[in-house]
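Written out below as structure tokens is the structure these notes cover.
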Amino acid sequence: MRWTQYYLFTTREAPADAEVPSHRLMMRSGMIKKVAAGIYSYLPSGWRSLSKLMAIVRRELDRSGCVELSMPAIQPAELWQESGRWQRYGKELLRISDRHERQFCFGPTHEEVITDIVRRDVKSYRQLPISLYQIQTKFRDEIRPRFGLMRGREFLMKDAYSFHSSAESLDATYEEMKAAYQRIFRACHLDFAVVEADTGTIGGSSSHEFMVTAETGESEIVRNAADGYAANTEKANAAPLVAPAAEEPVALAEVPTPGKSSVPDVAAFLAVPTQKVVKTLVYETDKGPIVAAVRGDREVNEVKLGNLVDAEWLQLAGEETVVKVTGSPPGFAGPVGLKGVRVVADESVRGLTNFVCGANKGETHLTGVNWGRDASPTDWADILLVRDGDLSPLGGGPLEMSRGIEVGHIFKLGTKYSAAMGCNYTDDAGNDLPMIMGCYGLGIGRTVAAAIEQNHDADGIVWPMPLAPFQVLLAALNMEDSTVVETAERLYQELSGQNVEVLYDDRNERPGVKFKDADLVGIPLRLTVGAKSLAEGKVEMSFRRDREKQLVPLSDVVARVRGLLG
RNA sequence: CGGGGCGUAGCUCAGCCUGGUAGAGCGCACGGUUCGGGACCGUGAGGUCGGAGGUUCAAAUCCUCUCGCCCCGACCA
């Protein structure tokens with residue numbers, strides 16, 4: 001491709017609202033253009049990168065026995081009403097009406113449509129399992145789109161769905177998909193982690209996320225290199241905390257603690273370690289108020305708590321609710337004497353003796369509190385938020401926290417959608433049963449953005465070869481020097497003729513401009529044709545990543561390039 | 001949805017407080033010099049200052065409404 005005939009315009013400055021490197025660089029290098037909040041056009045070079053990823057995704061999914069199809073972006077409300085998600089999905093679902101006032105939505109995901117298709121065609125266990133996928137534009141009306149393609153409202157996603165007659169079959173496909181995803185991200189030369197994840201609103205029994213590691217990632221993950229444990233912090237467990245040494249129970253006592261409503265204040269005031277204070281929080285949920293107790297030096301994992309009580313939403317209660325539940329203003333709550341409310345205590349407080357907690361009475365705490373004698377929670381559970389340095393539950397030592405960009409998420413759905421929508425098959429005994437399902441998502445644009453987050457420097461993008469819009473940038477340094485131009489033209493023709501993806505910078509620009517643009521656009525291999533090296537019959541070859549330059553005799557250039565590209 | 005901020009040339013922004021001829025840099029066009037890391041000089045084009053209403057002799061500037069966008073939070077495959 002000749003640059004002068006291509007559509008590639010770079011800018012020196014990025015828009016003020018572009019904050020993260022991938023967003024800034026995609027804008028500056030002319031890959032994308034914003035149309036509205038969270039909605040982008042993919043310009044030619046951006047589309048080339050996305051297309052390369054899509055080709056890799058297709059290749060690996062096809063290898064795994066997945067079959068491609070394409071479903072509509074616009075979906076009728078009826079299907080969503082059948083699954084129950086028309087009511088539940090909330091404002092993220094973009095709802096639209098046609099001229100007859102019939103309701104539709106722009107699909108944020110396709111469980112309903114695929115389930116509708118399969119229930120019509122598949123009737124027997126003999127036809128199962130089936131895995132289908134598509135790559136398609138989705139729309140989710142995110143509250144706050146940001147970071148360019150990392151969190152758009154309209155975005156490209158590969159979504160796959162599998163249907164099974166047994167849990168074992170789902171397990172096998174799930175593992176196959178997990179392997180396919182690993183092949184995909186490896187093929188993109190990305191550094192990534194597979195982590196256990198919360199199943200969130202999609203539901204189901206098991207779930208893994210694929211995280212491209214990057215400081216700018218929106219998700220926090222914990223890992224232990226020694227034992228291989230890896231999980232999203234929303235889901236992560238730690239080995240049980242070491243409890244302070246048990247003591248002989250002493251008498252329960254009320255002590256006034258005026259103005260001491262935070263755990264550190266109370267601990268300091270009473271001269272006890274924060275580990276011996278039980279932090280007691282009141283939450284409001286759709287299932288009513290819930291009280292959660294956790295060790296004073298730790299935080300509650302609200303996702304775990306929400307899952308435990310099967311809540312659709314959960315938030316820290318306001319003062320009014322706290323007073324209603326505990327009889328005191330916030331800051332003086334405790335598990336002693338609470339009635340008519342579910343109290344979930346974390347395992348971290350189970351071994352405590354003679355601990356301190358709020359007295360459910362203004363400006364007062366209790367000391368010498370002991371489980372069993374003074375208070376008993378409704379549930380003992382793990383609702384602890386892990387933190388840096390906690391020990392891995394698999395025994396490999398301390399957990400390390402890092403950040404990642406969630407580029408893929410796979411779920412075992414079970415029969416949630418098939419049961420709701422009557423997607424049944426007949427088994428070998430003649431029974432009608434709902435199919436067991438899995439679903440598997442992979443963000444196309446987000447993965448390309450993540451690749452840039454992980455591969456850039458101060459001057460621009462440093463594409464991994466598999467996702468680069470072109471493999472080779474051929475820069476002719478002076479378009480008025482006929483020898484330079486003739487040489488560059490000939491190299492361009494020869495390389496193109498051998499199916500090398502070459503972008504030929506034939507613009508009438510000064511060398512400095514071409515070098516800056518080359519660095520910004522980030523094509524992995526650069527050939528520089530200039531009068532100096534040409535006088536020796538050589539062309540400069542350099543790699544974007546390490547900028548290592550070497551002079552190559554003109555006659556060897558094409559062979560060398562082909563050798564490097566494999 | 002709560003809090004904060006911004007809409008002025010293609011892009012990045014100044015001007016607004018204190019009303020009085022609409023600005024800079026980059027980019028673009030033309031001419032000249034230059035040509036291995038975003039060159040220099042000269043000339044030029046380009047904006048009903050997001051929109052509507054109001055105050056005023058006079059509004060980019062003050063007021064009201066409205067639309068769009070962004071940031072923090074909550075939320076979130």
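- Residues A:Q136 and A:S70 have side chains that never bring a donor and an acceptor to within less than 3.5 angstrom of each other.
- In this structure a side-chain-to-backbone donor-acceptor pair under 3.5 Å is missing from A:R24 to A:A14.
- As the counterpart of B:rC17, no nucleotide is assigned, since no Watson-Crick or G-U wobble pattern has both distances under 3.5 Å.
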### Task
Show the numbers, then the answer: is there a side chain to side chain donor-acceptor pair (under 3.5 Å) between A:T216 and A:E453?
CA-CA 7 Å; A:T216 47; A:E453 289 296 330; 2.6 Å; yes
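- Using cut-offs of 30° and 60° on the angle between ring planes, the pair A:Y440 and A:Y174 is tilted.
- Separating the CG atom of A:D505 from the C1' atom of B:rG36 is a distance of 13 Å, rounded to the nearest angstrom.
- Rounded to an integer number of Å, the gap from NZ of A:K138 to P of B:rC76 is 21 Å.
- Nucleic acid contact class of A:A518 (heavy atoms, under 4.0 Å, all strands): none.
- A straight line from CD of A:E142 to P of B:rC69 spans 15 Å, rounded to a whole angstrom.
- Comparing B:rG37, B:rC76, B:rG25 by their nearest atom to the side chain of A:E13 picks out B:rG25.
- With respect to A:D505 and A:R526, no salt bridge is recorded, no charged nitrogen being found less than 4.0 Å from a carboxylate O.
- Checking B:rC1, B:rG38, B:rA77 against every side-chain atom of A:M157, the shortest atom distance belongs to B:rA77.
- With respect to A:R545 and A:D457, no salt bridge is recorded, no charged nitrogen being found less than 4.0 Å from a carboxylate O.
- Across B:rA39 and B:rG47, the matching P atoms stand 28 Å from one another, rounded to whole Å.
- With hydrogens and angles ignored, no donor-acceptor pair under 3.5 angstrom links the side chain of A:T11 to the base of B:rG27.
- Within the nucleic acid shown, A:R153 has no heavy atom closer than 4.0 Å to any nucleic acid atom.
- Residue A:R547 is the one, among A:R547 and A:R446, whose nearest nucleotide of RNA chain B lies closer to the 5' end (criterion: closest heavy atom).
- Comparing A:E234 and A:K549, the nucleotide of RNA chain B nearest to each residue sits closer to the 5' end for A:K549.
- Distance, A:E406 CD to B:rC76 P: 13 Å, rounded to whole Å.
- Using the Watson-Crick or G-U wobble rule with both distances under 3.5 Å, B:rG46 pairs with nothing in any strand shown.
- A donor and an acceptor atom never sit less than 3.5 Å apart when one is taken from the side chain of A:N478 and the other from the base of B:rG36.
- Taking 4.0 angstrom as the limit, A:R510 places a side-chain polar atom (N or O) nearer than this to OP1 or OP2 of B:rA39.
- Across every strand in view, B:rC62 sits in a pair with B:rG54 that passes the Watson-Crick or G-U test at under 3.5 angstrom.
- Under 4.0 angstrom from either OP1 or OP2 of B:rC72 there lies at least one side-chain N or O belonging to A:R146.
- When the side-chain nitrogen and oxygen atoms of A:R144 are compared with OP1 and OP2 of B:rC72, one or more of them lie within a distance under 4.0 Å.
- Within 4.0 Å of A:E480, counting heavy atoms only, lies at least one base atom of the nucleic acid.
- In the model, A:Q134 has a side-chain atom that pairs as donor or acceptor with a side-chain atom of A:D159 under 3.5 Å.
- Regarding contacts with the backbone of B:rC70, a side-chain N or O of A:K34 is found under 4.0 angstrom from either OP1 or OP2.
- Distances were taken from every side-chain heavy atom of A:P511 (C-beta onward) to each of B:rC35, B:rG38, B:rU12; the shortest belongs to B:rC35.
- Separating the P atom of B:rC75 from that of B:rC65 is a span of 31 Å, rounded to the nearest Å.
- Judged by Watson-Crick or G-U wobble contacts below 3.5 Å, the nucleotide B:rC76 has no partner.
- Salt bridge status for A:E111 with A:R85: present, with a side-chain N to carboxylate O gap under 4.0 Å.
- With respect to the salt-bridge test (charged N to carboxylate O, under 4.0 angstrom), the residues A:K158 and A:E68 do not qualify.
- Under the Watson-Crick and G-U wobble criteria, each requiring two contacts below 3.5 Å, nucleotide B:rC6 is paired to B:rG68.
- Across all strands shown, B:rU33 forms a Watson-Crick or G-U wobble pair with B:rA39, both key distances being under 3.5 Å.
- Taking atom CG of residue A:D159 and atom P of nucleotide B:rA77, one finds them 16 Å apart after rounding to whole Å.
- When distances run from any side-chain atom of A:D519 to the nucleotides B:rG25, B:rC76, B:rG37, the shortest one goes to B:rG37.
- One atom, CD of A:E540, and another, C1' of B:rG36, lie 8 Å apart when rounded to the nearest Å.
- Heavy atoms of A:G90 sit nowhere under 4.0 angstrom from any nucleic acid atom.
- Contacts of A:R526 with the nucleic acid, taken as non-hydrogen atoms under 4.0 Å apart, include base atoms.
- Straight-line distance between the C1' atoms of B:rA14 and B:rA52: roughly 27 Å, to the nearest whole Å.
- Spacing of C1' atoms, B:rG50 relative to B:rA60, comes out at 12 Å, to the nearest Å.
- Rounded to whole Å, the distance from CZ on A:F515 to C1' on B:rG38 is 12 Å.
- With P as the reference atom, B:rU18 and B:rG31 are 50 Å apart, rounded to whole Å.
- Nearest nucleotide to the A:T10 side chain, out of B:rU12, B:rC71, B:rG38: B:rG38.
- Rounded to the nearest Å, the gap between the C1' atom of B:rG46 and that of B:rA29 is 11 Å.
- In this entry the distance linking CZ of A:R507 with P of B:rG27 reads 13 Å, nearest Å.
- Within 4.0 Å (heavy atoms only), A:P15 reaches sugar-phosphate atoms of the nucleic acid but no base atom.
- Taking the C1' atom of each, B:rG19 and B:rU56 are spaced 9 Å apart, rounded to whole Å.
- Using a 4.0 Å heavy-atom distance criterion, A:D481 is classed as making no nucleic acid contact.
- Between the P atoms of B:rC72 and B:rC35, the separation comes to 48 Å (whole Å).
- With both pairing distances under 3.5 Å, B:rU12 is matched to B:rA24 as a Watson-Crick or G-U wobble pair.
- In the set B:rG37, B:rA77, B:rG36, B:rG36 carries the atom at the smallest distance from any side-chain atom of A:T528.
- Candidate nucleotides B:rA77, B:rG36, B:rG27 were compared by shortest atom distance to the side chain of A:R12, and B:rG27 ranks first.
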